[in-house]
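Every chain is numbered from 1, with letters handed out A, B, ... down the list of sequences.
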There are 2 protein chains.
Amino acid sequence: MTEVEGTDTRTRLLEAAADLIAATPGEDFSLRAVCDAAGVKMPTLYHFFGNKQGLVEAVVERGFDMYLSAKSSTESSGDPIQDLRLGWDAHVAFGLENPGFYTLMYGKVRPGYSPEAQSKPSEILRGLTLKAEQDGRLVVGHEQAAAHVLATNIGVTLRLVIQGKNDPELSAGVREGVLAAITGTGQSEPGDGRLGHAVIERAAANPDILGETETQLLIQWIGRLGEV
Amino acid sequence: MTEVEGTDTRTRLLEAAADLIAATPGEDFSLRAVCDAAGVKMPTLYHFFGNKQGLVEAVVERGFDMYLSAKSSTESSGDPIQDLRLGWDAHVAFGLENPGFYTLMYGKVRPGYSPEAQSKPSEILRGLTLKAEQDGRLVVGHEQAAAHVLATNIGVTLRLVIQGKNDPELSAGVREGVLAAITGTGQSEPGDGRLGHAVIERAAANPDILGETETQLLIQWIGRLGEV
DNA sequence: CAACCTCCGTATCGTTGTTACATCGGACTA
DNA sequence: TAGTCCGATGTAACAACGATACGGAGGTTG
């Protein structure tokens, strides 16, 4: 072989598969079509990827890399809650821009097994919720918060991918509801000891609004309201 | 044919397919295996269902019927918000008990098309949110509320189905967060005029806790906090 | 030079979804 | 009663698919 093609055969196969998946999101694809597009016969594909699942996993890993590189370019605000917001939006945006990849990454429902690479974004998410917990911003455990965010973020994104069009109002609404739920910015149940958490946070963070003595009094009053 | 079997051939095929799907959730299934289990050759299956997708859709429709009959037996509280709660739990329970069906019903990500029968539960959901809106319980439109509930409910259920085990804390946490978000029981954004809504409500409803002047002062202070 | 490894083509296998064609029995009609 | 039609089912085959056994070309290494 004269090796006129500049790219590696394995990379060519990977890109051909990615193109086919992106071209028909949600549909199945044929290994022979991948090989034809890469100008190669099937045993070559099997040589590099073992079987179809191996190819799919390689494509998924590639998808997660794309996702992470697109995500890491935006996430830097220092505030973990704000980072969760940015991460949420980046997640939704990636899903809508790459429905084929997203389907393989998060839409595959094979009980008991989740793709390897899926752990990386989850790690980032857990890092954020852990930091938020250490900053005292959470009213639930950081694992619980991460699971909460992940499940709803995937749910909203899958929904938007299925119906094919974006709905910023829905995404933002669910996002803020979720953040409110895990930060206690919204009161979940009377009598759980967290009544007025958001008010206290805001007042304590800005004691100049009411003045220092008034702020202390406010916090004390809200505490008495919550005790009953 | 002497028709010794008590059941209809079509029903037998349907049940055989349902059994196979339930036996290997998320995995694909073979039409020949269905026919073997039903004691019938392939053209019979094609006579009744046209093609594989037709069979799958019939199974899905059957799954939705099961889901609705299991759901309708619990939903009767009169309070639309409480009905949403019950519907949420029924949804999660059905998904966990029938992961194979649930995967076909809500896990299929084929952009642009959603199964026909999926509209029935959505109609019920929209009916509940509409009633809640008419009762003045919502702070968002009833369609927005329905979409919010549906996306998150599916997201949580898919998550639980994938990881195979239930997590009542997660489900209940997301559920209450969602209900808080659409009923305004929680405050969604600082500066939207809802900061400390629950505190104010509680204080105003029980002016004897703090005393009347202190209560008025509290409400005024919270208002000033929210304006900034 | 020979052994070996990576890369890749030829040919084939078993399974799958799908369909053309034939058969058989009951229902309706003249 | 004889004829005709139609739904239900079987026989057989096809094309596409994932997967694999086998071999050969080319470079590398001992």
Novice: CZ of B:F48 versus P of D:dG10: gap in Å, rounded?
Specialist: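 From B:F48 CZ to D:dG10 P: 11 Å.
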Novice: Listing time: all N or O pairs from protein to nucleotides 5-7 of chain D that are below 3.5 Å?
Specialist:
none

Novice: Give a yes/no answer on whether the side chain of B:T9 brings an N or O atom under 4.0 Å of OP1 or OP2 in D:dT9.
Specialist: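 For D:dT9, OP1 or OP2 has a side-chain N or O of B:T9 closer than 4.0 Å.
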Novice: For a 4.5 angstrom cut-off between non-hydrogen side-chain atoms, does B:F64 reach B:M105?
Specialist: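 Result yes, sub-4.5 Å side-chain heavy-atom pair found.
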Novice: Whole angstroms only, please: what is the NZ-C1' distance between B:K41 and D:dA13?
Specialist: 15 Å
Novice: Separation of A:F49 atom CZ from D:dA19 atom P, in whole Å?
Specialist: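 Answer to the nearest Å: 14 Å.
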Novice: At what distance, to the nearest 0.5 angstrom, does CG of B:L13 lie from CD of B:E15?
Specialist: 10.0 Å
Novice: Would you give me the side-chain donor-acceptor pairs under 3.5 Å for residues 18-31 of chain B, sequence neighbours excluded?
Specialist:
from  : atom 1 : to    : atom 2 : distance (Å)
B:T24 : OG1    : B:L20 : O      : 3.3
B:D28 : OD1    : B:K52 : NZ     : 3.1
B:S30 : OG     : B:R32 : N      : 3.1
B:S30 : OG     : B:A33 : N      : 3.3

Novice: State whether B:D79 and B:R85 are salt-bridged, where the test is any N-O pair (Lys NZ or Arg NE/NH1/NH2 against Asp/Glu carboxylate O) under 4.0 Å.
Specialist: no
Novice: Taking the inter-plane angle between the rings of A:Y102 and A:H91 on a 0 to 90° scale, is it parallel (under 30°), tilted (30 to 60°) or perpendicular (over 60°)?
Specialist: perpendicular
Novice: Are any protein N/O atoms closer than 3.5 Å to N/O atoms in nucleotides 17-19 of chain C? If there are, list each pair with its distance.
Specialist:
from   : atom 1 : to    : atom 2 : distance (Å)
C:dG17 : OP1    : B:F29 : O      : 3.2
C:dG17 : OP1    : B:K52 : NZ     : 2.6
C:dG17 : OP2    : B:L31 : N      : 2.9
C:dG17 : N7     : B:R32 : NH1    : 2.8
C:dG17 : O6     : B:R32 : NH2    : 3.0
C:dT18 : OP2    : B:Y46 : OH     : 2.9
C:dT18 : OP2    : B:K52 : N      : 3.0
C:dT18 : O5'    : B:Y46 : OH     : 3.3

Novice: Just so I know, are the side chains of A:V56 and A:F49 near enough to count as touching, which here means a heavy-atom distance under 4.5 Å?
Specialist: no
Novice: Does the distance from a Lys or Arg side-chain N to an Asp or Glu carboxylate O, for B:D65 and B:K120, drop under 4.0 Å?
Specialist: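 Counted as a salt bridge, because a side-chain N and a carboxylate O are separated by less than 4.0 Å.
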Novice: May I have the distance from A:R10 (atom CZ) to C:dT6 (atom P), rounded to whole angstrom?
Specialist: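 Roughly 15 Å, once rounded to whole Å.
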Novice: For the pair made of CD in A:E27 and C1' in D:dC17, what is the distance, rounded to whole Å?
Specialist: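 So the two atoms are 16 Å apart, to the nearest Å.
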Novice: With the side chain counted from C-beta on, respond yes when A:D89 and A:R175 share a heavy-atom pair under 4.5 Å apart, and no when they do not.
Specialist: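 Counting from C-beta outward, A:D89 and A:R175 do come under 4.5 Å.
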